[in-house]
There are 2 protein chains.
Amino acid sequence: MKNRKKEKALDIRDIAKHAKVSIATVSRTINHVSTVDPDLAKRVWKAIDELGYYPNTQARTLVSGKSRIFGLVIPDITNPFFPGIVQAFEEIAIQYDYEILLTSTGNDQHRMEKAIRRMIERQVDGVAIMTFGMEEELLEHLHFRKMPLVFIDVGPPLPLVSNIRIQYQIGVRQAVQHLASHHHRRIAFVSGPPELKSATARTLAFQNAMAEKGLEVPDGMIVSGHHTVEGGLAAFEQLAARTERPTAVMCSNDVSAIGVMRKAYELGIQVPDDLSVIGFDDIHLAEFVIPPLTSIRMSQTELARLAFHALLADVERTSLPPAGTEYFLTTELVLRKSTAPVRKPAAEPSKTHPF
Amino acid sequence: MKNRKKEKALDIRDIAKHAKVSIATVSRTINHVSTVDPDLAKRVWKAIDELGYYPNTQARTLVSGKSRIFGLVIPDITNPFFPGIVQAFEEIAIQYDYEILLTSTGNDQHRMEKAIRRMIERQVDGVAIMTFGMEEELLEHLHFRKMPLVFIDVGPPLPLVSNIRIQYQIGVRQAVQHLASHHHRRIAFVSGPPELKSATARTLAFQNAMAEKGLEVPDGMIVSGHHTVEGGLAAFEQLAARTERPTAVMCSNDVSAIGVMRKAYELGIQVPDDLSVIGFDDIHLAEFVIPPLTSIRMSQTELARLAFHALLADVERTSLPPAGTEYFLTTELVLRKSTAPVRKPAAEPSKTHPF
DNA sequence: ATTGTTGGAGAAAACGTTTACTCGAAGAGC
DNA sequence: GCTCTTCGAGTAAACGTTTTCTCCAACAAT
């Protein structure tokens with residue numbers, strides 16, 4: 001009869017009894033309410049320590065209505081860009097005593113919906129979404145529950161949701177400028193998956209920048225790399241088969257850039273001498289691939305920081321700025337060794353080290 | 001007076017009222033208890049759907065005592081090996097309706113303890129730990145609460161905790177054999193952080209394999225790469241400065257191998273012609289770096305699967321195997337292009353493409 | 001017909017907290 | 001010295017579920 005499955009974990013009541021105070025006092029002590037007598041508090045802490053008590057967050061959440069959990073939805077944890085963000089997000093969350101419920105959707109609409117549903121059921125206090133493509137109905141549910149929301153990159157223009165807008169145009173313009181100044185004219189673009197809004201935004205930025213420079217983008221010079229290494233591989237294979245091969249290719253993210261570099265290498269095309277490559281995201285590894293990859297950088301730390309604070313501002317309504325704010329994140333070109341001036345087509349094969 | 005902060009989310013009571021049944025029936029319906037009348041169940045589901053009800057997991061957990069959350073502790077999410085595991089773990093967790101509380105400790109003892117504490121407070125049903133170095137006291141708390149535990153790689157030999165033992169010796173032996181058959185004698189090892197048990201286990205496996213082959217490992221031929229690119233960089237710089245430079249280097253993980261390849265490149269040392277490099281982990285990217293990295297593979301999917309099932313077996317005591325089981329995961333060498341036969345030291349510089 | 005069984009639905013008691021609310025003691029003002 | 005505040009601790013009522021228990025109806029067996 002006394003033999004339950006588990007020994008039944010320690011209660012706030014056990015602490016109260018042991019410290020000879022009421023449970024309310026224990027609760028107040030734990031929550032650092034100032035009105036509790038220092039002597040009593042000391043007794044409580046002592047009891048907590050001696051007995052090895054851990055408060056039950058679930059019970060806490062149930063009554064307080066705040067779970068101190070933020071959901072974080074990313075498309076693909078396997079793409080090194082996102083772990084960087086997750087890490088930064090976690091670091092700041094810990095500081096503020098928040099927990100993260102992470103989910104990697106693989107760009108799958110259905111999994112994303114499941115994830116959001118689970119997050120609601122777990123009573124998250126808010127969710128940051130890095131991947132767009134969400135059903136109206138789900139969004140309505142979220143909205144109906146007044147769930148604090150922040151969309152990173154490209155979100156829907158809804159009244160109360162915050163957005164972090166990444167200013168692609170800046171970095172892309174710098175990149176095109178850089179390439180153009182090195183006499184590149186035939187510049188290809190390896191885009192992301194077409195259903196991903198942030199990918200199409202990057203593509204658009206590229207097209208605009210090219211137009212600004214008066215450069216043409218012939219048909220077939222924009223091809224999807226699906227934001228994966230394999231995608232990059234396939235994309236460049238396609239590009240390389242053209243009669244008029246591009247002298248430079250910009251990629252919608254770094255891992256697909258790694259893919260095109262690799263395919264170029266396989267085909268005996270030297271980067272950067274025969275082909276300039278520019279990535280996007282500036283993942284940590286970009287600096288260390290061979291040759292080091294020139295990339296368009298956006299700060300993962302800053303992105304995470306903005307997202308977290310947007311959420312926080314929304315849940316603690318007191319602090320500014322209000323929900324529905326737009327935040328902006330700039331991008332910039334960081335030059336490394338994967339680009340070079342365009343060469344005369346008929347030149348002899350290059351020597352060895354590109355740097 | 002009626003104006004609460006939020007509209008107060010839907011209740012199980014609202015559903016009961018709307019479907020004209022008792023809350024017990026609603027609960028039973030949701031939990032698929034077979035005894036509920038199909039007609040009533042239909043009414044309940046209809047109400048749930050119409051009203052857009054999401055059950056409150058926190059309340060559920062509170063009474064049932066099961067949170068359906070597993071903690072997952074990894075050392076560094078920034079190292080691509082771990083995202084692979086996280087992804088596999090998440091996939092299988094979702095299948096079983098479990099949630100993951102992920103934490104990346106950065107090999108920091110203190111952060112790890114905090115993480116574990118938070119996990120206990122969140123009432124996780126078990127935790128998988130991929131990084132060892134834990135205070136006795138914390139372990140005792142865990143043990144005291146009968147928390148299901150699985151250590152991945154190198155865990156403490158405790159009665160009721162499961163362990164997944166990775167059989168390094170196999171892959172390492174293959175690697176040394178491979179190198180030896182290509183006439184390498186001076187083989188260096190870039191190890192991981194010395195405080196990481198799994199890193200020292202790999203180092204030990206290397207030493208044993210070398211001894212088996214009758215190969216010497218002179219002082220200074222084992223140097224720490226800290227399992228990071230930067231560490232690999234520094235490690236090889238040190239190695240390259242030796243009068244007797246190694247002709248091959250094995251690394252305790254892939255990212256440090258990427259570091260040594262990069263440093264070699266900087267120094268004008270060709271991989272694989274002048275230097276053979278073998279990594280460890282076989283991350284996805286290993287196949288795509290230049291040259292493709294030969295590595296010692298262990299299946300991330302399998303690792304995650306084993307860990308999850310170990311935990312699951314422990315929480316649902318019915319199913320075998322029991323808690324405290326040891327699982328084994330093999331490793332194997334996967335050959336790519338970063339190794340080659342040792343060359344005569346005085347040979348001329350290599351041509352260009354290694355493959 | 002009467003009594004047992006069975007099966008399924010509802011009532012009510014947990015689960016471990018926070019948070020009004022209550023209440024007594026101590027200090028201030030007259 | 002008496003009432004009026006103020007302050008801090010304890011009591012009790014939530015929070016949204018699951019789950020045990022109770023109860024009633026229906027059906028089987030005598």
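Remember, it's a predicted structure, so these values are computed and weren't measured experimentally. Below, each value reflects all heavy atoms present in this structure, side chains not excepted, and no hydrogens, waters or symmetry copies.
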Closest to the [X] side chain, choosing from [options]:
X: A:S64; options: C:dT17, C:dT19, D:dA9; result: C:dT19
X: A:V63; options: D:dT17, C:dG16, D:dA9; result: C:dG16
X: B:D37; options: D:dG16, D:dA9, C:dA9; result: C:dA9

Calculate the interatomic distance between [X] atom [atom1] and [N] atom [atom2]; express it in whole Å.
X: A:R13; N: D:dG10; atom1: CZ; atom2: P; result: 16 Å
X: B:D39; N: C:dG8; atom1: CG; atom2: C1'; result: 13 Å
X: A:R122; N: D:dT17; atom1: CZ; atom2: C1'; result: 14 Å
X: A:R60; N: C:dT17; atom1: CZ; atom2: C1'; result: 8 Å
X: B:Q58; N: D:dA14; atom1: CD; atom2: C1'; result: 16 Å
X: A:R43; N: D:dA9; atom1: CZ; atom2: P; result: 10 Å
X: A:N56; N: C:dA14; atom1: CG; atom2: P; result: 18 Å
X: B:I12; N: C:dA11; atom1: CD1; atom2: P; result: 14 Å

- prompt: In chain order, what residues pass the ring pair (Phe, Tyr, Trp, His ring centres under 6.0 Å) check against A:H32, with sequence neighbours excluded?
  reply: A:W45
- request: Tell me which residues in residues 16-35 of chain B put a heavy atom below 4.0 Å from DNA chain C, sorted by number, or none.
  value: B:V21, B:S22, B:A24, B:T25, B:R28, B:T35
field: Under-4.0 Å side-chain N/O to phosphate OP1/OP2 contact, A:Y53 with C:dT17
entry: yes
Go through the structure and list residues passing side-chain hydrogen bond (donor to acceptor under 3.5 Å, both in side chains) with [X], not counting sequence neighbours.
X: B:T25; result: B:S22
X: A:N79; result: none
X: B:T105; result: none
X: B:R117; result: none

- prompt: Which salt bridge (charged side-chain N to carboxylate O under 4.0 Å, His left out) pairs, counting each pair once, include a residue from residues 85-96 of chain B, with sequence neighbours left out?
  reply: A:R111-B:E91
Within residues 36-48 of chain B or reaching into it, pairs that qualify as salt bridge (charged side-chain N to carboxylate O under 4.0 Å, His left out) - sequence neighbours excluded: B:K46-B:E50
query: Which residues pass the salt bridge (Lys or Arg N to Asp or Glu O under 4.0 Å) test with A:R68, sequence neighbours left out?
result: none
query: Does the side chain of A:S104 pick up a donor-acceptor pair with the side chain of A:D76 at under 3.5 Å?
result: no
- prompt: In terms of side-chain heavy atoms, does A:S34 have a donor or acceptor partner in A:R28 at a distance below 3.5 Å?
  reply: no
message: What's the angle between the local helix axes at either end of the helix from C:dA1-D:dT30 to C:dC30-D:dG1, using five pairs per end and rounding to 10 degrees?
response: 50°
- prompt: Taking only residues at least two apart or on different chains, which pairs with a member in residues 97-119 of chain B satisfy ring pair (Phe, Tyr, Trp, His ring centres under 6.0 Å)?
  reply: B:F70-B:Y98, B:Y98-B:F308
field: Closest heavy-atom pair and its distance - A:V150, A:A310
entry: CG2-CB, 4.0 Å
Under-3.5 Å N/O pairs linking protein and nucleotides 25-27 of chain D:
none

